[in-house]
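The block underneath contains the structure these notes are about, expressed in structure tokens.
Computed from a predicted model, the values in this text were never measured in an experiment.
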Amino acid sequence: TRLPFDVSPLQAIPYRINKDETLENIEETHKLLVKRLQEARKPHIDSPVFQLLQDVKTQEIDHSKIDTFRDKVT
């Protein structure tokens, strides 16, 4: 079936469960999951602004600043 509109842009791995509650095609599903996880480790820009406007450069933010912001929010 199709994914709902609010999650349709996300990648999903469909799977089926047998009557004994085990996965069908477990090896195939495992290989696909490993492949997706390896792809997720690669650098990827998921902002439409940076995808559409090639002249706009991404800004690197110091990780410690992000942690400080999270601490203040908490």
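Cluster partners of Val34, using a side-chain heavy-atom cutoff of under 4.5 Å among ILVMFWY residues and allowing indirect links: none.
Considering CG of Asp55 and CZ of Phe50, their distance stands at 12.0 Å, rounded to 0.5 Å.
Residues passing the side-chain contact (heavy atoms from CB on, under 4.5 Å) test with Arg16, sequence neighbours excluded: Glu24. Residues passing the side-chain contact (heavy atoms from CB on, under 4.5 Å) test with Tyr15, sequence neighbours excluded: Ile17, Leu23. Among residues two or more places apart in sequence or in another chain, the side chain to side chain donor-acceptor pair (under 3.5 Å) test is passed with Ser64 by Asp62. Judged as a side chain to side chain donor-acceptor pair (under 3.5 Å), and not counting sequence neighbours, Asp71 has no contacts.
The number of heavy-atom neighbours closer than 6.0 Å to CG of Leu32, taken from other residues, nucleotides and ligands shown, is above 12.
For residues 28-43, the set of pairs meeting the side chain to side chain donor-acceptor pair (under 3.5 Å) definition, not counting sequence neighbours, comprises Gln11-Arg36.
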